[in-house]
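Since the structure comes first, as structure tokens, the remarks are kept for the end.
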Amino acid sequence: MDEGKGSEEIEKIKKRKIRNRFQGYDGALEVCRELFNVNIGPVTDDREEKAFKTTLEKRHPITHNLGIVDRKYLEKVSDLGVEGKDVGLSEDEVVSAIDVMLRIIRRVQSELF
């Protein structure tokens, strides 16, 4: 197994490539693979992964548009949201996303330690 990257190289990569890539599932997969030589996926089935990605995409309109759906969100998510309307986020979606995140964290921990 590859030993991964040294701390100096990781710092350079963080400054150049990470930024906000952990805000999306695919970006997090790439960064973990690139920085730590860890594959964090899949930790779930296709249906649950799609739901998880959709929940993560809701972060954009919630944090930047007061919860209002915009074109950028609609381009990334294939749900039936309507531009200018509130994005819906249920308690079940949040609980499910937390469950997936815990599985991801456990996977990273088990791979690194």
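Keep in mind it's a predicted model, so treat the numbers as computed, not measured.
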(request) Measure from the side-chain N and O atoms of T63 to the backbone N and O of R59, and report whether any donor-acceptor pair falls under 3.5 Å. (result) yes
(message) So P61 and V87, do their side chains get closer than 4.5 Å, heavy atoms only?
(response) yes
(request) For S90 and E93, run side chain to side chain contact (heavy atoms under 4.5 Å, CB included): C-alpha distance rounded to whole Å, both residues' side-chain angles, the deciding distance at 0.1 Å, then the answer. (result) CA-CA 5 Å; S90 71; E93 288 174 294; 3.3 Å; yes
(message) Nearest 0.5 Å, please: how far is CD in E57 from OG1 in T54?
(response) 7.5 Å
(message) Please tell me whether I105 and L29 are part of a single hydrophobic cluster in this structure, the criterion being side-chain heavy atoms less than 4.5 Å apart.
(response) no
(message) Any carboxylate oxygen within less than 4.0 angstrom of a Lys/Arg side-chain nitrogen, looking at E111 and R106?
(response) no
(request) Enter the distance from F52:CZ to D99:CG here, rounded to the nearest 0.5 Å. (result) 10.0 Å
(message) Rounded at 0.5 Å granularity, tell me how far NZ in K50 sits from CG in D45.
(response) 12.5 Å
(message) Please report the interatomic distance CD1(I62) to CG(L89), rounded to the nearest 0.5 Å.
(response) 4.5 Å
(message) One thing to verify: whether K53 and E49 come together as a salt bridge, which I'm taking to mean a side-chain N less than 4.0 angstrom from a carboxylate O.
(response) yes
(message) Is the shortest side-chain heavy-atom distance between V38 and R33 below 4.5 Å?
(response) no
